[in-house]
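This report refers to the structure that appears directly beneath it.
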Amino acid sequence: MVAIAAGRVLVTGTVASAGAAHLAILPGFSFTLDPLRAFFLIVAASVSALSAALVARDSQRFAQARARLMLAFTTLLFAGMITVLIAAGLTSLIFAWEIMSLALVALVFLGGIPRLSCAPGFSPWPYPRPALWRH
């Protein structure tokens, strides 16, 4: 749906803008979609759609609740990336950037390290340990 709106802006050359002027506490919270932003929005939406299938497939190896959280945070990450692209004010850019980065941190923590790699004697370092590191 986002790609369709961006495609219309890209083809017609119009500029779509939305702001929160009625919110006095967030004066710089506005969004703009011009043809250049629309091009990058189409690219980001396409990559997001393609990677969503991969995330759905890879999340099946986790428990159902954890898989749902991974899908939710992935959706939040994609929404943050799209919002970063259309942010027109500094407030909206920082807000979208924080949403995007917090969703990414949550995905990294949810991915986790399998228990096998935490087993005693397991070393993710592929080379022999230097003598200094040995106990």
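This structure is a prediction, so every number in the text was calculated from the model and none was measured.
- In the hydrophobic clustering of ILVMFWY residues, with side-chain heavy atoms under 4.5 Å counting as a link, Leu107 and Leu71 come out apart.
- Minimum heavy-atom separation, Arg66 to Phe109: NH2-O, 3.9 Å.
- Of the possible polar contacts, one joining the Arg37 side chain to the Ala87 backbone as a donor-acceptor pair under 3.5 Å is found.
- Summarising the geometry, atom CD1 belonging to Ile94 is positioned 11.5 Å from atom OG belonging to Ser101; distances are rounded to the nearest 0.5 Å.
- Both Val84 and Phe31 are assigned to one and the same hydrophobic cluster, defined by single-linkage of ILVMFWY side chains at heavy-atom distances under 4.5 Å.
- If you take CG on Leu69 and CG on Leu76, they are separated by 11.5 Å, rounding to the nearest 0.5 Å.
- Leu102 and Phe78 fall into different hydrophobic clusters, defined by Ile, Leu, Val, Met, Phe, Trp and Tyr side-chain heavy atoms under 4.5 Å apart, directly or through other members.
- Atom CZ of Arg57 is separated from atom OG of Ser51 by 11.5 Å, given to the nearest 0.5 angstrom.
- Hydrophobic clustering keeps Val55 apart from Leu77 (ILVMFWY residues linked when any side-chain heavy atoms are closer than 4.5 Å, directly or through intermediates).
- Distance check, rounded to the nearest 0.5 Å: OG1 of Thr83 to CH2 of Trp97 gives 12.5 Å.
- Pairing each heavy atom of Ser92 with each of Ser30, the nearest pair is OG-O, 3.0 Å.
- To the nearest 0.5 Å, atom CG of residue Leu104 and atom CD1 of residue Ile99 are 13.0 Å apart.
- Between the Thr32 side chain and the Ala88 main chain, no donor and acceptor come within less than 3.5 Å of each other.
- One finds the OG atom of Ser48 at 5.0 Å from the CD1 atom of Ile82 (value rounded to the nearest 0.5 Å).
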